[in-house]
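Take a look at the structure below.
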Amino acid sequence: MRLSSKRLKNKEVKRNISMAATRKMNGLSQTMIALGQSNPYHDTIIQKVIFLEKQIKVEAVRKIAKEKFLPNWRFRTSVNIKKSGEIEWVDDGVSPDLDYHVVGIDIPTAGGRQYANQEDVNNFIAGFYGKKMDLSRPPWQLIAITNAKNAGPDGDSDCVLIARLHHVIGDGISLEAFSLTLFDDFDITKPTNGQVNTKPSSKKNKALWPKVPVYAQFFNRLRILLEGTVEGIAAINLPGDTSNALKVSTARDLKGRVAALSKSISLEKVKEIKNLTGCTVNDVLFACLAGLLRSYLIETEGRVAPNMKIHTNCLINMRSNEETQALLGKDAADVALDNKFNFLPIRMPVNSTTPLQRLYACKRELDEKKHSPAPLIAMKLSILAFIMLPRNVVMQCMYQAFDRVTTMLSNVPGPKDEKFICGIKVNSMTFFSPGLVASNFGLISYNNKITLSILSDEKVLPEPQKFAELFPKELDKLYEAVQQTDFEKPRKQEYYIDVLVVLAPFAILFFLRYLF
(Lines give C-alpha, C1' and ligand atoms only; values in the text may rest on other atoms or scores of the structure.)
Protein backbone atom coordinates (compact mmCIF):
# COMPACT_ATOMS: atom_id res chain seq x y z
CA MET A 1 0.00 0.00 0.00
CA ARG A 2 1.60 3.20 -1.16
CA LEU A 3 0.33 6.51 0.10
CA SER A 4 1.20 10.11 -0.54
CA SER A 5 3.01 11.95 2.24
CA LYS A 6 -0.17 14.04 2.48
CA ARG A 7 -1.63 10.99 4.24
CA LEU A 8 0.43 12.01 7.25
CA LYS A 9 -1.45 15.30 7.65
CA ASN A 10 -4.92 14.18 8.77
CA LYS A 11 -7.20 16.66 10.45
CA GLU A 12 -7.39 16.60 14.20
CA VAL A 13 -10.00 14.24 15.60
CA LYS A 14 -12.74 15.49 17.88
CA ARG A 15 -12.61 14.21 21.44
CA ASN A 16 -15.14 14.20 24.23
CA ILE A 17 -12.72 15.23 26.97
CA SER A 18 -15.42 15.56 29.60
CA MET A 19 -16.24 11.84 29.34
CA ALA A 20 -12.65 10.62 29.02
CA ALA A 21 -10.42 9.08 31.65
CA THR A 22 -7.39 11.21 32.46
CA ARG A 23 -3.97 10.54 33.95
CA LYS A 24 -1.49 12.98 35.45
CA MET A 25 1.65 13.79 33.50
CA ASN A 26 4.96 14.51 35.27
CA GLY A 27 6.50 17.98 35.06
CA LEU A 28 9.34 17.01 32.71
CA SER A 29 6.90 15.49 30.21
CA GLN A 30 4.62 18.54 30.43
CA THR A 31 7.57 20.82 29.63
CA MET A 32 8.36 18.73 26.53
CA ILE A 33 4.85 19.31 25.23
CA ALA A 34 5.03 23.02 26.11
CA LEU A 35 8.30 23.43 24.18
CA GLY A 36 6.67 22.13 21.01
CA GLN A 37 3.61 24.30 21.50
CA SER A 38 5.72 27.45 21.87
CA ASN A 39 7.97 26.63 18.90
CA PRO A 40 7.31 23.66 16.56
CA TYR A 41 11.05 23.44 15.79
CA HIS A 42 11.63 22.61 19.45
CA ASP A 43 9.12 19.75 19.59
CA THR A 44 10.77 16.76 21.26
CA ILE A 45 9.98 13.98 18.79
CA ILE A 46 12.30 10.99 18.59
CA GLN A 47 12.70 9.24 15.24
CA LYS A 48 13.65 5.59 15.84
CA VAL A 49 14.86 4.16 12.51
CA ILE A 50 15.14 0.44 11.75
CA PHE A 51 16.83 -0.66 8.52
CA LEU A 52 15.45 -3.94 7.17
CA GLU A 53 17.04 -6.21 4.58
CA LYS A 54 13.91 -6.23 2.41
CA GLN A 55 10.44 -4.72 2.20
CA ILE A 56 7.91 -5.34 4.96
CA LYS A 57 4.19 -5.27 4.29
CA VAL A 58 2.27 -2.41 5.88
CA GLU A 59 -0.37 -4.90 7.06
CA ALA A 60 2.36 -6.70 9.02
CA VAL A 61 3.44 -3.42 10.65
CA ARG A 62 -0.19 -2.72 11.61
CA LYS A 63 -0.35 -6.15 13.20
CA ILE A 64 2.76 -5.30 15.26
CA ALA A 65 1.18 -2.00 16.30
CA LYS A 66 -2.04 -3.74 17.32
CA GLU A 67 -0.32 -6.51 19.29
CA LYS A 68 2.57 -4.54 20.82
CA PHE A 69 1.80 -0.82 20.85
CA LEU A 70 -1.90 -0.67 21.71
CA PRO A 71 -1.77 -2.91 24.83
CA ASN A 72 0.48 -0.27 26.46
CA TRP A 73 -1.72 2.61 27.63
CA ARG A 74 0.77 5.28 26.50
CA PHE A 75 0.05 4.38 22.88
CA ARG A 76 -3.72 4.62 23.36
CA THR A 77 -3.85 8.03 25.04
CA SER A 78 -3.70 11.51 23.59
CA VAL A 79 -2.64 14.79 25.19
CA ASN A 80 -4.91 17.51 26.51
CA ILE A 81 -3.79 21.04 27.42
CA LYS A 82 -6.18 22.46 29.99
CA LYS A 83 -7.12 26.14 30.21
CA SER A 84 -4.99 26.38 33.35
CA GLY A 85 -1.96 25.33 31.29
CA GLU A 86 -1.71 21.93 32.98
CA ILE A 87 -1.15 19.07 30.54
CA GLU A 88 -2.63 15.60 31.05
CA TRP A 89 -3.03 12.22 29.39
CA VAL A 90 -6.50 11.50 28.00
CA ASP A 91 -8.02 8.10 27.22
CA ASP A 92 -11.40 8.55 25.53
CA GLY A 93 -11.90 4.80 25.16
CA VAL A 94 -11.69 4.96 21.36
CA SER A 95 -9.14 2.63 19.77
CA PRO A 96 -6.48 4.55 17.78
CA ASP A 97 -6.98 4.61 14.01
CA LEU A 98 -4.21 2.35 12.71
CA ASP A 99 -4.79 3.59 9.15
CA TYR A 100 -3.48 6.93 10.43
CA HIS A 101 -0.82 5.67 12.82
CA VAL A 102 0.74 3.10 10.46
CA VAL A 103 1.40 4.03 6.83
CA GLY A 104 3.56 3.01 3.91
CA ILE A 105 4.80 5.77 1.62
CA ASP A 106 7.13 6.53 -1.27
CA ILE A 107 9.29 9.43 -0.15
CA PRO A 108 10.65 12.17 -2.45
CA THR A 109 14.02 11.46 -4.06
CA ALA A 110 16.76 13.78 -5.26
CA GLY A 111 16.48 14.26 -9.03
CA GLY A 112 13.28 12.21 -9.12
CA ARG A 113 15.07 8.86 -8.91
CA GLN A 114 12.92 5.72 -8.69
CA TYR A 115 14.44 4.62 -5.39
CA ALA A 116 15.31 6.50 -2.21
CA ASN A 117 18.83 6.22 -0.81
CA GLN A 118 20.05 7.17 2.68
CA GLU A 119 20.42 10.84 1.76
CA ASP A 120 16.74 10.90 0.79
CA VAL A 121 15.83 9.17 4.06
CA ASN A 122 17.84 11.77 6.02
CA ASN A 123 16.06 14.61 4.20
CA PHE A 124 12.67 13.02 4.86
CA ILE A 125 13.39 12.69 8.59
CA ALA A 126 14.73 16.26 8.87
CA GLY A 127 11.59 17.52 7.13
CA PHE A 128 9.43 16.53 10.10
CA TYR A 129 11.06 19.07 12.40
CA GLY A 130 9.10 22.29 12.49
CA LYS A 131 5.80 20.44 12.03
CA LYS A 132 3.69 19.88 15.12
CA MET A 133 2.51 16.38 15.92
CA ASP A 134 -1.27 15.97 16.16
CA LEU A 135 -1.90 15.85 19.92
CA SER A 136 -5.59 15.06 19.45
CA ARG A 137 -4.37 11.56 18.63
CA PRO A 138 -1.85 9.41 20.54
CA PRO A 139 1.51 11.06 19.63
CA TRP A 140 3.18 8.30 17.59
CA GLN A 141 3.36 6.95 14.05
CA LEU A 142 5.00 4.03 12.23
CA ILE A 143 6.11 4.80 8.68
CA ALA A 144 7.41 2.19 6.25
CA ILE A 145 9.37 3.75 3.40
CA THR A 146 8.35 1.62 0.42
CA ASN A 147 10.75 2.97 -2.21
CA ALA A 148 14.02 2.60 -0.25
CA LYS A 149 17.02 0.98 -1.95
CA ASN A 150 20.55 0.51 -0.58
CA ALA A 151 19.72 2.62 2.48
CA GLY A 152 21.16 2.43 5.98
CA PRO A 153 24.61 3.28 7.34
CA ASP A 154 26.20 0.53 5.23
CA GLY A 155 23.92 0.81 2.18
CA ASP A 156 22.54 -2.72 2.55
CA SER A 157 18.85 -2.14 3.35
CA ASP A 158 15.85 -2.03 1.01
CA CYS A 159 13.28 -1.05 3.62
CA VAL A 160 13.26 1.63 6.29
CA LEU A 161 10.83 1.56 9.20
CA ILE A 162 10.54 4.84 11.12
CA ALA A 163 8.89 5.06 14.52
CA ARG A 164 7.97 8.69 15.25
CA LEU A 165 7.58 8.86 19.02
CA HIS A 166 6.93 11.99 20.99
CA HIS A 167 9.37 12.14 23.89
CA VAL A 168 6.38 12.51 26.20
CA ILE A 169 5.75 8.76 25.75
CA GLY A 170 9.11 7.82 27.25
CA ASP A 171 12.86 8.42 27.34
CA GLY A 172 15.60 6.58 25.44
CA ILE A 173 16.14 3.82 28.00
CA SER A 174 12.45 2.93 28.46
CA LEU A 175 11.70 3.17 24.73
CA GLU A 176 14.68 0.94 23.91
CA ALA A 177 13.39 -1.62 26.45
CA PHE A 178 9.98 -1.41 24.79
CA SER A 179 11.46 -1.82 21.29
CA LEU A 180 13.00 -5.17 22.33
CA THR A 181 9.48 -6.60 22.47
CA LEU A 182 8.98 -5.93 18.74
CA PHE A 183 11.55 -8.47 17.57
CA ASP A 184 10.63 -12.02 16.57
CA ASP A 185 12.79 -13.71 19.22
CA PHE A 186 11.52 -11.72 22.20
CA ASP A 187 11.14 -14.07 25.17
CA ILE A 188 9.72 -12.81 28.45
CA THR A 189 11.70 -15.51 30.30
CA LYS A 190 14.98 -13.89 29.20
CA PRO A 191 15.35 -10.64 31.19
CA THR A 192 18.07 -9.08 29.00
CA ASN A 193 16.76 -10.21 25.58
CA GLY A 194 20.09 -9.63 23.92
CA GLN A 195 20.69 -6.13 25.23
CA VAL A 196 24.28 -4.96 25.52
CA ASN A 197 26.02 -5.88 28.76
CA THR A 198 27.15 -2.61 30.30
CA LYS A 199 29.13 -4.13 33.18
CA PRO A 200 32.85 -3.23 33.20
CA SER A 201 35.14 -5.76 31.58
CA SER A 202 37.66 -7.61 33.73
CA LYS A 203 40.17 -7.40 30.86
CA LYS A 204 40.90 -3.69 31.36
CA ASN A 205 44.55 -2.75 31.60
CA LYS A 206 44.24 -0.93 34.92
CA ALA A 207 47.98 -1.15 35.53
CA LEU A 208 48.46 1.43 32.78
CA TRP A 209 47.17 4.20 35.03
CA PRO A 210 49.40 5.81 37.71
CA LYS A 211 48.46 4.87 41.25
CA VAL A 212 46.66 7.57 43.18
CA PRO A 213 47.67 8.11 46.85
CA VAL A 214 44.91 7.68 49.41
CA TYR A 215 45.12 11.31 50.55
CA ALA A 216 44.77 12.44 46.92
CA GLN A 217 41.68 10.26 46.42
CA PHE A 218 40.15 11.80 49.56
CA PHE A 219 40.66 15.40 48.42
CA ASN A 220 39.64 14.53 44.85
CA ARG A 221 36.29 13.11 45.97
CA LEU A 222 35.69 16.08 48.28
CA ARG A 223 36.41 18.49 45.43
CA ILE A 224 33.98 16.58 43.15
CA LEU A 225 31.34 16.71 45.92
CA LEU A 226 31.74 20.48 46.39
CA GLU A 227 31.82 21.30 42.68
CA GLY A 228 28.91 18.95 41.96
CA THR A 229 26.80 20.55 44.67
CA VAL A 230 27.42 24.02 43.26
CA GLU A 231 26.79 22.83 39.71
CA GLY A 232 23.56 21.08 40.68
CA ILE A 233 22.18 24.12 42.50
CA ALA A 234 23.35 26.95 40.26
CA ALA A 235 23.88 25.30 36.86
CA ILE A 236 22.02 27.89 34.78
CA ASN A 237 24.01 30.76 36.33
CA LEU A 238 27.47 29.29 35.78
CA PRO A 239 29.64 30.51 32.86
CA GLY A 240 28.86 28.85 29.54
CA ASP A 241 31.03 27.53 26.72
CA THR A 242 33.43 29.61 24.70
CA SER A 243 31.84 31.05 21.56
CA ASN A 244 32.57 28.67 18.67
CA ALA A 245 31.37 27.64 15.20
CA LEU A 246 29.02 24.97 16.58
CA LYS A 247 27.35 27.04 19.31
CA VAL A 248 24.33 29.31 19.05
CA SER A 249 24.00 32.30 21.37
CA THR A 250 20.47 31.26 22.32
CA ALA A 251 18.53 28.08 21.64
CA ARG A 252 15.48 30.16 20.78
CA ASP A 253 17.14 30.92 17.41
CA LEU A 254 17.18 27.26 16.34
CA LYS A 255 14.92 26.42 13.40
CA GLY A 256 15.32 24.12 10.40
CA ARG A 257 17.15 20.81 10.84
CA VAL A 258 19.33 18.60 8.66
CA ALA A 259 20.18 14.95 9.36
CA ALA A 260 23.12 12.63 8.69
CA LEU A 261 24.25 9.11 9.49
CA SER A 262 27.76 7.71 9.80
CA LYS A 263 28.93 4.37 8.52
CA SER A 264 28.90 1.65 11.17
CA ILE A 265 32.01 1.13 13.26
CA SER A 266 33.12 -2.10 14.90
CA LEU A 267 32.20 -2.52 18.57
CA GLU A 268 34.98 -5.11 18.83
CA LYS A 269 37.52 -2.50 17.75
CA VAL A 270 36.18 -0.12 20.40
CA LYS A 271 36.45 -2.87 23.02
CA GLU A 272 40.05 -3.63 22.01
CA ILE A 273 40.99 0.02 22.56
CA LYS A 274 39.12 -0.06 25.86
CA ASN A 275 40.97 -3.14 27.09
CA LEU A 276 44.41 -1.92 26.06
CA THR A 277 44.00 1.47 27.74
CA GLY A 278 42.00 0.62 30.88
CA CYS A 279 39.06 2.77 29.67
CA THR A 280 35.38 2.07 29.00
CA VAL A 281 33.39 1.91 25.76
CA ASN A 282 31.88 5.30 26.65
CA ASP A 283 35.35 6.81 27.16
CA VAL A 284 36.38 5.68 23.66
CA LEU A 285 33.20 6.99 22.01
CA PHE A 286 33.45 10.36 23.76
CA ALA A 287 37.09 10.63 22.64
CA CYS A 288 36.03 9.99 19.03
CA LEU A 289 33.36 12.69 19.33
CA ALA A 290 35.92 15.11 20.81
CA GLY A 291 38.16 14.39 17.81
CA LEU A 292 35.26 15.16 15.45
CA LEU A 293 34.60 18.47 17.18
CA ARG A 294 38.28 19.41 17.08
CA SER A 295 38.57 18.57 13.36
CA TYR A 296 35.51 20.63 12.52
CA LEU A 297 36.66 23.63 14.56
CA ILE A 298 40.08 23.58 12.88
CA GLU A 299 38.40 23.39 9.45
CA THR A 300 35.99 26.26 10.16
CA GLU A 301 38.02 28.50 12.48
CA GLY A 302 41.57 27.59 11.49
CA ARG A 303 42.58 26.53 14.99
CA VAL A 304 41.37 25.55 18.44
CA ALA A 305 42.16 28.26 20.98
CA PRO A 306 44.15 26.95 23.99
CA ASN A 307 41.49 28.17 26.42
CA MET A 308 38.47 27.00 24.40
CA LYS A 309 35.82 25.34 26.56
CA ILE A 310 33.20 23.07 24.97
CA HIS A 311 30.65 20.86 26.73
CA THR A 312 28.33 18.14 25.49
CA ASN A 313 25.06 17.75 27.36
CA CYS A 314 24.87 14.01 27.93
CA LEU A 315 21.51 12.41 28.68
CA ILE A 316 21.78 10.16 31.72
CA ASN A 317 19.35 7.61 33.10
CA MET A 318 18.17 8.60 36.59
CA ARG A 319 16.65 5.21 37.43
CA SER A 320 18.26 2.94 39.97
CA ASN A 321 19.87 -0.26 38.68
CA GLU A 322 16.86 -2.19 39.97
CA GLU A 323 14.41 0.10 38.12
CA THR A 324 16.40 -0.15 34.90
CA GLN A 325 16.59 -3.95 35.06
CA ALA A 326 12.86 -4.06 35.80
CA LEU A 327 12.19 -2.49 32.38
CA LEU A 328 13.61 -5.59 30.66
CA GLY A 329 11.88 -8.91 30.17
CA LYS A 330 8.38 -7.40 30.25
CA ASP A 331 5.54 -7.78 27.79
CA ALA A 332 4.98 -4.63 25.74
CA ALA A 333 1.90 -3.75 27.81
CA ASP A 334 3.91 -3.87 31.04
CA VAL A 335 6.98 -1.82 30.06
CA ALA A 336 6.92 1.22 32.37
CA LEU A 337 7.42 3.95 29.79
CA ASP A 338 8.30 7.27 31.42
CA ASN A 339 10.77 10.14 31.41
CA LYS A 340 13.36 9.73 34.14
CA PHE A 341 16.50 11.36 32.85
CA ASN A 342 18.64 14.40 33.34
CA PHE A 343 21.44 16.19 31.54
CA LEU A 344 25.08 16.12 32.57
CA PRO A 345 27.49 18.54 30.86
CA ILE A 346 30.69 16.70 29.88
CA ARG A 347 33.72 18.81 28.97
CA MET A 348 35.12 17.76 25.60
CA PRO A 349 38.95 17.87 25.38
CA VAL A 350 39.09 19.62 21.98
CA ASN A 351 42.36 21.29 23.07
CA SER A 352 44.18 17.94 23.27
CA THR A 353 46.23 17.37 20.13
CA THR A 354 46.49 13.56 20.00
CA PRO A 355 43.78 10.87 20.03
CA LEU A 356 45.18 9.22 23.17
CA GLN A 357 45.38 12.51 25.06
CA ARG A 358 41.70 13.04 24.24
CA LEU A 359 40.86 9.50 25.37
CA TYR A 360 42.62 9.88 28.73
CA ALA A 361 41.03 13.30 29.29
CA CYS A 362 37.57 11.86 28.55
CA LYS A 363 38.15 8.99 30.97
CA ARG A 364 39.16 11.35 33.79
CA GLU A 365 36.20 13.65 33.11
CA LEU A 366 33.67 10.81 32.95
CA ASP A 367 35.13 9.09 36.02
CA GLU A 368 34.69 12.29 38.02
CA LYS A 369 31.15 12.85 36.75
CA LYS A 370 30.16 9.36 37.91
CA HIS A 371 30.77 10.53 41.50
CA SER A 372 29.24 13.99 41.09
CA PRO A 373 26.01 14.77 42.97
CA ALA A 374 25.09 17.39 40.34
CA PRO A 375 22.55 15.28 38.34
CA LEU A 376 20.68 14.13 41.45
CA ILE A 377 20.56 17.63 42.97
CA ALA A 378 19.49 19.15 39.65
CA MET A 379 16.74 16.53 39.21
CA LYS A 380 15.33 17.12 42.71
CA LEU A 381 15.34 20.89 42.15
CA SER A 382 13.71 20.40 38.74
CA ILE A 383 10.88 18.41 40.32
CA LEU A 384 10.30 21.25 42.80
CA ALA A 385 10.46 23.81 39.97
CA PHE A 386 7.87 21.89 37.89
CA ILE A 387 5.53 21.92 40.91
CA MET A 388 6.09 25.45 42.24
CA LEU A 389 7.03 27.68 39.30
CA PRO A 390 4.95 28.91 36.34
CA ARG A 391 5.51 26.98 33.10
CA ASN A 392 7.08 29.95 31.30
CA VAL A 393 9.68 30.33 34.09
CA VAL A 394 10.55 26.61 33.90
CA MET A 395 10.95 26.86 30.13
CA GLN A 396 13.16 29.93 30.48
CA CYS A 397 15.41 28.01 32.90
CA MET A 398 15.60 25.11 30.44
CA TYR A 399 16.64 27.43 27.61
CA GLN A 400 19.28 29.01 29.85
CA ALA A 401 20.69 25.60 30.76
CA PHE A 402 21.08 24.64 27.09
CA ASP A 403 22.50 28.04 26.15
CA ARG A 404 25.55 27.18 28.29
CA VAL A 405 26.59 24.14 26.20
CA THR A 406 27.57 23.49 22.59
CA THR A 407 26.26 20.03 21.72
CA MET A 408 24.11 17.18 23.03
CA LEU A 409 24.71 13.42 23.05
CA SER A 410 22.35 10.54 23.69
CA ASN A 411 23.99 7.13 23.98
CA VAL A 412 21.70 4.08 24.03
CA PRO A 413 22.72 0.39 24.23
CA GLY A 414 20.82 -1.73 21.71
CA PRO A 415 20.57 -5.50 21.15
CA LYS A 416 23.90 -7.29 20.90
CA ASP A 417 22.51 -10.07 18.67
CA GLU A 418 21.05 -10.04 15.16
CA LYS A 419 17.29 -9.40 15.20
CA PHE A 420 14.36 -10.06 12.87
CA ILE A 421 10.96 -8.44 12.42
CA CYS A 422 8.31 -10.60 10.72
CA GLY A 423 11.11 -12.86 9.54
CA ILE A 424 13.00 -9.98 7.90
CA LYS A 425 16.57 -9.33 9.07
CA VAL A 426 17.32 -6.05 10.83
CA ASN A 427 20.59 -4.84 9.28
CA SER A 428 21.05 -1.82 11.52
CA MET A 429 19.20 0.77 13.57
CA THR A 430 19.61 4.34 14.74
CA PHE A 431 17.63 7.25 16.17
CA PHE A 432 17.46 11.01 15.75
CA SER A 433 16.82 12.93 18.95
CA PRO A 434 16.33 16.71 19.00
CA GLY A 435 17.67 19.04 21.67
CA LEU A 436 17.99 22.75 22.27
CA VAL A 437 21.47 22.89 20.72
CA ALA A 438 22.75 23.30 17.16
CA SER A 439 24.19 19.77 16.91
CA ASN A 440 22.59 16.67 18.44
CA PHE A 441 24.46 13.36 18.35
CA GLY A 442 22.99 9.90 18.86
CA LEU A 443 24.98 6.71 19.41
CA ILE A 444 23.44 3.25 19.38
CA SER A 445 25.03 -0.19 19.39
CA TYR A 446 23.50 -3.17 17.59
CA ASN A 447 24.89 -6.57 16.64
CA ASN A 448 28.50 -5.56 17.43
CA LYS A 449 28.26 -2.32 15.43
CA ILE A 450 27.88 1.31 16.50
CA THR A 451 26.32 4.09 14.44
CA LEU A 452 26.42 7.85 14.93
CA SER A 453 23.42 9.97 13.95
CA ILE A 454 23.51 13.75 13.67
CA LEU A 455 20.61 16.18 13.74
CA SER A 456 21.86 19.74 13.32
CA ASP A 457 20.71 23.28 12.70
CA GLU A 458 20.69 23.98 8.95
CA LYS A 459 22.59 27.26 9.41
CA VAL A 460 25.17 26.23 12.00
CA LEU A 461 26.05 22.79 10.57
CA PRO A 462 24.50 22.72 7.07
CA GLU A 463 26.40 19.64 5.85
CA PRO A 464 26.41 17.18 8.76
CA GLN A 465 27.20 14.24 6.45
CA LYS A 466 30.77 15.49 6.06
CA PHE A 467 30.96 15.61 9.84
CA ALA A 468 29.52 12.07 10.17
CA GLU A 469 32.08 10.66 7.73
CA LEU A 470 34.87 11.64 10.15
CA PHE A 471 33.53 9.35 12.89
CA PRO A 472 35.03 6.05 11.61
CA LYS A 473 38.27 7.92 10.81
CA GLU A 474 38.59 9.15 14.40
CA LEU A 475 38.18 5.61 15.67
CA ASP A 476 40.84 4.42 13.20
CA LYS A 477 43.26 7.08 14.50
CA LEU A 478 42.74 5.90 18.06
CA TYR A 479 43.04 2.24 17.08
CA GLU A 480 46.29 2.85 15.17
CA ALA A 481 47.70 4.75 18.16
CA VAL A 482 47.21 1.84 20.58
CA GLN A 483 48.72 -0.66 18.13
CA GLN A 484 52.13 0.91 18.69
CA THR A 485 54.37 -1.13 21.00
CA ASP A 486 55.13 1.88 23.21
CA PHE A 487 52.00 3.96 22.81
CA GLU A 488 51.42 7.15 24.78
CA LYS A 489 50.49 6.48 28.41
CA PRO A 490 48.32 8.56 30.78
CA ARG A 491 50.21 11.35 32.48
CA LYS A 492 50.43 11.52 36.24
CA GLN A 493 47.69 13.79 37.51
CA GLU A 494 48.47 16.61 39.91
CA TYR A 495 46.14 16.84 42.90
CA TYR A 496 47.20 20.13 44.48
CA ILE A 497 44.17 21.86 42.86
CA ASP A 498 41.86 19.41 44.66
CA VAL A 499 43.52 20.32 47.97
CA LEU A 500 43.23 24.06 47.26
CA VAL A 501 39.55 23.83 46.23
CA VAL A 502 38.63 21.83 49.35
CA LEU A 503 40.59 23.98 51.82
CA ALA A 504 39.73 27.36 50.26
CA PRO A 505 36.18 27.65 51.77
CA PHE A 506 37.52 26.85 55.25
CA ALA A 507 40.34 29.36 54.82
CA ILE A 508 37.84 32.05 53.75
CA LEU A 509 35.54 31.32 56.71
CA PHE A 510 38.49 31.43 59.14
CA PHE A 511 39.65 34.74 57.62
CA LEU A 512 36.16 36.29 57.84
CA ARG A 513 35.79 35.16 61.42
CA TYR A 514 39.17 36.64 62.25
CA LEU A 515 38.16 39.99 60.69
CA PHE A 516 34.74 40.23 62.32
Side-chain angles (χ1 to χ4, degrees), residues 1-13 15 29 32-33 36 40-41 43-52 55-79 89-92 94-108 116 120-148 151 159-172 174-176 178-179 181-182 257 259 332 337 421-422 429-434 453 455:
M1 183 178 183
R2 295 188 177 184
L3 301 171
S4 162
S5 58
K6 293 179 181 178
R7 181 72 178 79
L8 303 177
K9 301 177 182 178
N10 281 24
K11 293 181 179 179
E12 292 191 356
V13 295
R15 299 172 297 170
S29 297
M32 289 178 176
I33 293 291
Y41 285 103
D43 217 351
T44 53
I45 298 171
I46 301 169
Q47 321 276 357
K48 171 81 176 184
V49 188
I50 299 176
F51 298 99
L52 299 169
Q55 283 292 329
I56 188 171
K57 293 181 179 179
V58 177
E59 290 75 15
V61 181
R62 288 202 179 103
K63 186 172 184 289
I64 291 172
K66 184 177 181 180
E67 294 178 354
K68 301 292 186 178
F69 280 56
L70 297 192
N72 194 301
W73 69 266
R74 295 245 175 182
F75 293 96
R76 298 193 307 269
T77 51
S78 55
V79 174
W89 291 105
V90 175
D91 186 353
D92 55 14
V94 178
S95 182
D97 177 10
L98 291 184
D99 286 337
Y100 165 80
H101 285 282
V102 183
V103 297
I105 64 171
D106 285 355
I107 66 172
D120 299 318
V121 174
N122 291 340
N123 292 337
F124 178 70
I125 289 171
F128 279 117
Y129 293 98
K131 299 174 184 176
K132 289 184 179 180
M133 189 170 258
D134 182 359
L135 297 182
S136 66
R137 302 176 185 268
W140 63 273
Q141 280 188 305
L142 290 175
I143 303 168
I145 297 178
T146 51
N147 63 332
C159 183
V160 181
L161 184 61
I162 301 174
R164 298 191 67 227
L165 307 167
H166 201 293
H167 216 313
V168 73
I169 294 174
D171 55 20
S174 61
L175 286 172
E176 193 59 34
F178 176 82
S179 72
T181 70
L182 308 181
R257 302 279 182 165
L337 293 167
I421 295 179
C422 298
M429 60 180 69
T430 190
F431 65 94
F432 293 87
S433 180
S453 65
L455 189 66

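Excluded from the calculations below are hydrogen atoms, water molecules and symmetry mates; all remaining heavy atoms, backbone and side chain alike, are included.
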Supply the atom-to-atom distance I143 CD1 to F124 CZ, rounded to the nearest 0.5 angstrom. 4.5 Å
Sorted by chain and number, sequence neighbours left out, ring-ring contact (aromatic ring centres under 6.0 Å, His included) with H166 holds for none
What's the shortest heavy-atom distance between I105 and N147, and which atoms? O-OD1, 4.1 Å
State, to 0.1 Å, how close I64 and C422 come at their nearest heavy-atom pair, and which atoms those are. CD1-SG, 3.8 Å
Considering residues at least two apart in sequence or located in another chain, which fulfil the salt bridge (charged side-chain N to carboxylate O under 4.0 Å, His left out) criterion with R257? none
If I compare all heavy atoms of V160 with all of A151, which pair ends up nearest, and what's the gap? CG2-CB, 3.9 Å
With sequence neighbours left out, what residues match F431 under ring-ring contact (aromatic ring centres under 6.0 Å, His included)? none
Nearest-0.5 Å distance, CZ of residue F178 to CG of residue N72: 5.5 Å
For W140, the ring-ring contact (aromatic ring centres under 6.0 Å, His included) test, sequence neighbours excluded, returns F69, F75, H101
Once salt bridge (charged side-chain N to carboxylate O under 4.0 Å, His left out) is applied, do any residues pair with D43, and if so which ones, sequence neighbours excluded? none
Examine distances only and state if a side-chain atom of R62 and a backbone atom of L98 form a donor-acceptor pair shorter than 3.5 Å. yes
Just by distance, do the side chain of K68 and the backbone of T181 share a donor-acceptor pair under 3.5 Å? yes
Output the distance between atom CG (L70) and atom OG (S95), rounded to the nearest 0.5 Å. 5.5 Å
Polar side-chain atom of Q55 near backbone of T146 as donor-acceptor pair, under 3.5 Å: yes
Verify, without hydrogens or angle tests, whether D171 (side chain) and S174 (backbone) share a donor-acceptor contact under 3.5 angstrom. yes
Let me confirm one number: the CD1-CD1 distance from I145 to I125, rounded to the nearest 0.5 Å. 6.5 Å
Side-chain (R76) to main-chain (P71) donor-acceptor, under 3.5 angstrom: yes
Pick one: which of V94, T77, D97 meets side chain to side chain contact (heavy atoms under 4.5 Å, CB included) with R137? D97
On a heavy-atom basis, which atom in P96 and which in P138 lie closest, and how many Å separate them? CG-CG, 4.0 Å
Return the CZ to OG1 distance between F51 and T430, rounded to the nearest 0.5 Å. 6.5 Å
So which heavy atom on P108 is nearest to which on D120, and how close? O-CB, 3.8 Å
Holding to side-chain contact (heavy atoms from CB on, under 4.5 Å), I want the full list of residues that pass it with S29, two or more places apart in sequence or in another chain. M25, N26, V168, N339
Considering all heavy atoms of both residues, which atom of I169 and which atom of P139 are nearest to each other, and what is their separation? CD1-O, 3.4 Å
Taken to the nearest 0.5 Å, the spacing of I45 CD1 from K131 NZ works out to 11.0 Å
Are the side chain of R74 and the backbone N or O of G170 linked by a donor-acceptor pair below 3.5 Å? no
Is the NZ atom of K132 crowded by more than 12 outside heavy atoms at less than 6.0 Å? yes
Does the side chain to side chain contact (heavy atoms under 4.5 Å, CB included) test come out yes or no for L337 and L175, once each step is laid out? CA-CA 7 Å; L337 293 167; L175 286 172; 3.8 Å; yes
